[in-house]
Number of protein chains: 2
Amino acid sequence: MATEVPHATPKSAQTRQRILDAAAEVLSRKGYAGTRLADVAAVAGVQAPAIYYYFGSRDALVEEVMWVGAHLVRLHVEEVLAAVPEGTGHMDRLMVAVDAHLRFELQLSDYATASIRNAGHVPEQLRVRPAAEEALYSRLWRELFVAAQQAGEVRADLDTSMFRLLLLGAMNWVVEWWNPRTRSLDELVATAQAMVRQGAGAR
Amino acid sequence: MATEVPHATPKSAQTRQRILDAAAEVLSRKGYAGTRLADVAAVAGVQAPAIYYYFGSRDALVEEVMWVGAHLVRLHVEEVLAAVPEGTGHMDRLMVAVDAHLRFELQLSDYATASIRNAGHVPEQLRVRPAAEEALYSRLWRELFVAAQQAGEVRADLDTSMFRLLLLGAMNWVVEWWNPRTRSLDELVATAQAMVRQGAGAR
DNA sequence: GGCAGTTTCTAATAGAATTTAGAAACATGG
DNA sequence: CCATGTTTCTAAATTCTATTAGAAACTGCC
């Protein structure tokens with residue numbers, strides 16, 4: 001019964017991956033509502049029914065993209081943070097996380113973009129598994145902020161929980177307006193970091 | 001030919017309004033993909049085909065909600081800013097705008113929520129008219145920032161264009177996680193204002 | 001109370017997309 | 001080179017909504 005585990009052979013796994021990548025690409029560009037299986041199939045270089053050999057349904061495919069997206073973002077930021085030299089300040093660690101999140105979301109991964117853009121637009125049932133990943137990611141940021149606050153590098157009177165949600169929102173919303181042709185990614189990262197460190201106010 | 005202008009009588013205009021309100025409510029909650037005409041009709045207290053007496057198509061209805069949402073946000077913030085006492089500082093005017101935007105988006109208007117959440121998810125053709133409103137709104141914020149920077153209340157070396165987009169993103173994304181039961185709107189506003197004024201950094 | 005115009009409904013249609021059925025092509029090991 | 005299992009295709013069925021047709025109900029005015 002190949003239906004149960006059709007990913008055994010390398011060849012087959014490759015096609016499955018191609019379909020998943022195609023779905024991420026189309027989802028990141030057109031959103032949940034605009035994503036047709038025919039489009040995904042075209043990008044993957046197969047006919048639409050071939051998708052059903054690997055995924056139970058359109059929604060199962062979407063769910064996997066969403067999960068992978070959330071998962072990859074977290075892995076990436078964790079890895080980058082793990083590589084930060086011992087003894088780096090807490091605010092600087094926050095800056096690194098901002099940098100890693102933005103670059104990954106905008107440059108490296110259609111999965112991340114798809115996951116971010118469609119988080120609130122897919123049917124409830126598809127959010128369960130991705131939500132668990134997102135919760136882990138939230139925790140990562142919470143810990144960064146708590147540590148920074150305890151070390152006195154973030155103001156003691158700041159509601160870091162709210163601030164964190166606002167910051168992640170600012171970074172996530174970038175997918176809605178970002179155009180690499182007209183803006184510099186370095187500049188974006190620098191501005192987002194400045195927003196966290198010191199805001200816009202003079203002095 | 002009543003088909004052309006069915007909104008003449010007050011009674012009729014009322015039903016039309018009910019349908020539009022219902023569409024804003026459902027769109028703000030379920031998003032473009034999840035919005036069924038049958039749901040909209042149910043909320044408005046009519047049968048689905050009645051919608052066609054007032055709107056040419058599902059998309060025409062959606063487009064109107066999107067436009068009204070963008071329009072109302074701008075009007076509201078403009079009005080609030082117009083009421084600010086003469087001689088108020090530029091940074092304080094920014095704080096007022098942040099306050100007005102967030103409160104309107106979260107408390108006063110399903111239209112605003114619908115417009116924000118679905119801006120990037122409706123088909124291209126539906127974005128033209130709303131986009132014009134959004135451009136006017138962007139200009140409003142641009143002017144606030146430019147004035148504040150020229151007055152020296154915003155750091156001279158800040159890329160205010162980028163900062164503005166990040167700030168609006170942070171505020172817009174709030175619709176994705178906001179829960180009035182567990183969070184205080186006053187606290188949210190205060191934190192967003194702090195983000196603009198001084199960021200998270202200590203001193 | 002009847003009549004004209006407006007508004008809304010029930011029932012049917014249409015169209016688009018997902019999803020199945022089942023046949024063909026392909027790959028691989030004997 | 002055949003046999004077997006895997007992978008992909010074409011063609012068809014299903015499903016889900018938007019949309020249309022046309023009848024009924026309602027409203028206000030004479």
Side-chain angles (χ1 to χ4, degrees), chain A residues 1-23 26-27 29-66 118 121-126, chain B residues 1-23 26-27 29-66 118 121-126:
Chain A
M1 286 302 98
T3 316
E4 292 309 326
V5 186
H7 336 127
T9 78
K11 174 68 179 301
S12 174
Q14 226 175 334
T15 306
R16 184 191 142 93
Q17 192 61 45
R18 244 186 22 248
I19 291 172
L20 203 59
D21 289 352
V26 177
L27 273 169
R29 206 156 33 79
K30 302 212 184 186
Y32 179 74
T35 295
R36 305 272 116 76
L37 284 186
D39 301 341
V40 173
V43 172
V46 296
Q47 295 299 312
I51 293 172
Y52 287 84
Y53 186 71
Y54 299 99
F55 301 91
S57 67
R58 174 191 133 117
D59 278 356
L61 173 61
V62 171
E63 194 216 33
E64 177 127 356
V65 170
M66 302 290 289
N118 298 300
H121 289 265
V122 301
E124 288 291 347
Q125 31 178 8
L126 303 193
Chain B
M1 285 305 99
T3 315
E4 292 309 324
V5 187
H7 334 126
T9 79
K11 174 65 180 301
S12 173
Q14 224 176 334
T15 305
R16 184 191 143 92
Q17 191 62 44
R18 244 184 24 246
I19 292 172
L20 203 59
D21 289 351
V26 176
L27 273 169
R29 207 155 32 80
K30 302 212 184 186
Y32 179 74
T35 294
R36 306 272 117 73
L37 284 187
D39 300 341
V40 173
V43 172
V46 296
Q47 295 298 313
I51 293 172
Y52 287 83
Y53 187 71
Y54 298 99
F55 300 91
S57 67
R58 175 191 131 118
D59 277 356
L61 173 60
V62 171
E63 194 216 32
E64 176 128 356
V65 170
M66 302 291 289
N118 298 300
H121 288 265
V122 300
E124 289 292 347
Q125 29 177 8
L126 303 193

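Below, chain A is the first sequence line, B the second, and so on; all start at residue 1. Just so you know, these numbers use all the heavy atoms, side chains as well, and skip hydrogens, waters and symmetry mates.
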For residues 45-56 of chain B, the salt bridge (charged side-chain N to carboxylate O under 4.0 Å, His left out) pairs (sequence neighbours left out) are none
Contacts of B:R29 that satisfy salt bridge (Lys or Arg N to Asp or Glu O under 4.0 Å) - sequence neighbours left out: B:E25
Here the distance between atom P of D:dA18 and atom OH of B:Y53, to the nearest Å, is 22 Å
Rounded to whole Å, the CD-P distance (A:Q14 to C:dA27) equals 13 Å
Nucleotide D:dT17, atom P - distance to CG of B:D59 in whole Å: 16 Å
Could you tell me the separation between the CZ atom of B:F55 and the P atom of C:dT7, rounded to a whole number of Å? 13 Å
Find out whether B:M66 and B:L126 are in side-chain contact, i.e. whether some heavy atom of one side chain is under 4.5 Å from a heavy atom of the other. no
Can you list every side chain to side chain donor-acceptor pair (under 3.5 Å) pair that touches residues 31-45 of chain B, not counting sequence neighbours? B:Y32-B:D59
Can you name the residues that form a side-chain contact (heavy atoms from CB on, under 4.5 Å) with A:A44, not counting sequence neighbours? A:I19, A:A22, A:V46
Any pair counted as salt bridge (charged side-chain N to carboxylate O under 4.0 Å, His left out), so long as it reaches residues 43-56 of chain B, sequence neighbours left out: none
Nucleotide by nucleotide, 5' to 3', does protein get under 4.0 Å of the base (B), only the sugar-phosphate (S), or neither (-) in nucleotides 11-18 of chain C, counting heavy atoms? B-----SS
Rounded distance in Å - OH (B:Y32) to C1' (D:dA18): 11 Å
Counting only side-chain nitrogens and oxygens, does A:T15 get under 4.0 Å of the OP1 or OP2 atom of D:dT8? yes
